[in-house]
**Student:** 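Pasting in a structure now, in structure tokens, and then I'll have a few things to ask.
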Amino acid sequence: MITSMTGFAARNGESDGFTWAWEVRSVNAKGLDIRLRVPDWVDGLETAVRKQVAKSVGRGNINLTLRVQRDEGATPLNLNDAQLARVLQALSRIEDAAADSGLTLVHCTAADVLAQRGVIDTSVVQDDTGPLLAALMDDLPPLLEDFTAMRRNEGAALDKVIHEQIDQIEVLTKAAAKAAKARRDDVAKTLRENLARVLDNTDGADPDRVAQELALLAVKSDVMEELDRLRAHVDAARDLMGKSGPVGRKLDFLMQEFMREANTLCSKSQSVDLTRIGLDLKAVIDQMREQVQNVE
């Protein structure tokens, strides 16, 4: 079953006073492009996450975001001793100045002192981020499993659509073969009439050259080679759809080959019916190409 390059997954977790939220999404791309937005203060996190994502995804533009926060209840209140001393010294000077002026100030409480900027330092840097890194990496595989599951579900829908389009191409190729056979007598008649006009207006024409030109015209009007290639491409497409692993690039290349044969078929048709079938082929192939762009 093929896998889509479009997917999304999100997950929340917590451990040892930390909470976090993962989010990963992807869209189609020519190769594998992993873009991470993770906390840089967790040592080794970006490298470990990138390696794990690369193992799970073969192709696509991957955007993964991780937000980590410390629980407020688990955040210790650390006093900045230097700032506390400066605040107390300033308060003392203010009280002395007020007393000299005959003013009575309301006594400050401890809460008032703590409310002063810089007295409490909550910007704690955790020296050892190893336990947090381990917890995050244990929580990443379930996220990637959900992400892969969604890409596979999208792939199942693509698989159905693309198989239907391959069937349409096969039906149209058979119809083109019938139309080519039906127009064979008309093409031969046209060639004979054109040749007769040339011979009637040309004195001393070289019979060998005339035969060569006639053969060349016959080859240019023959579409059996294009039809054979279209049938081969249909078989190749079905074979690729049955393989495991990323097949999107090969399918994309095959779509170019499909379109090349359809274009040639139209240019050599010399028949209204065959031209119509060729145009229908091009429409289906173009629709299929759009779907293939999303296959991993």
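Along the sequence shown, residues carry numbers from 1.
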**Student:** Should the pair R289-D286 be classified as a salt bridge under the 4.0 Å nitrogen-to-oxygen rule?
**Tutor:**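 Looking at D286 together with R289, the answer is yes, because their closest N to O distance falls below 4.0 Å.
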**Student:** side-chain contact (heavy atoms from CB on, under 4.5 Å) between V57 and R151: does it pass, once the steps are laid out?
**Tutor:** CA-CA 10 Å; V57 181; R151 283 163 58 101; 3.4 Å; yes
**Student:** Has E14 got more than 12 heavy atoms of other residues, nucleotides or ligands less than 6.0 Å from its CD?
**Tutor:** no
**Student:** Determine whether W41 and L64 fall in the same hydrophobic cluster, where Ile, Leu, Val, Met, Phe, Trp and Tyr are linked whenever their side-chain heavy atoms lie under 4.5 Å apart.
**Tutor:** yes
**Student:** State, with a plain yes or no, whether a side-chain heavy atom of I2 is found less than 4.5 Å away from one of I162.
**Tutor:** yes
**Student:** Do D239 and K243 meet the salt-bridge criterion of a basic N to acidic O distance under 4.0 Å?
**Tutor:** yes
**Student:** Should E257 and R260 count as an ion pair when the cut-off is N to O under 4.0 Å?
**Tutor:**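 Looking at E257 and R260, the cut-off is met.
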**Student:** For the side chain of E170 and the backbone of I166, is there at least one donor-acceptor N/O pair under 3.5 Å apart?
**Tutor:** no
**Student:** Salt bridge between R238 and D167, side-chain N to carboxylate O under 4.0 Å?
**Tutor:**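 D167 and R238: salt-bridged.
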**Student:** Do you know the tightest heavy-atom contact between M5 and V295?
**Tutor:**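 For M5 versus V295, the nearest heavy atoms are CE-O, 3.3 Å.
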**Student:** Evaluate the side-chain contact (heavy atoms from CB on, under 4.5 Å) criterion for residues T173 and L227: first the C-alpha distance (whole Å), next the side-chain angles of each, then the deciding distance (0.1 Å), finally the verdict.
**Tutor:** CA-CA 6 Å; T173 301; L227 294 176; 4.2 Å; yes
**Student:** Are the side chains of F258 and V284 in touch, meaning some heavy atoms are under 4.5 Å apart?
**Tutor:**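 Answer no - side chains too far apart.
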**Student:** Given side chains that start at C-beta, do those of N12 and T19 come closer than 4.5 Å, heavy atoms only?
**Tutor:**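 Side chain of N12 against side chain of T19, heavy atoms only: no contact under 4.5 Å found.
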**Student:** Taking CZ in R231 as the centre, count heavy atoms belonging to other residues, nucleotides or ligands within less than 6.0 Å. Is the count above 12?
**Tutor:**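 Result for CZ/R231: enclosed.
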**Student:** For residues G248 and V292, report the shortest heavy-atom separation together with the two atoms involved.
**Tutor:**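 Closest approach of G248 to V292, heavy atoms only: O-CG1, 3.9 Å.
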**Student:** Would you say S26's side chain and G7's backbone share a donor-acceptor pair under 3.5 angstrom?
**Tutor:**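 Indeed, once roles are kept as given, a pair shorter than 3.5 Å links the two residues.
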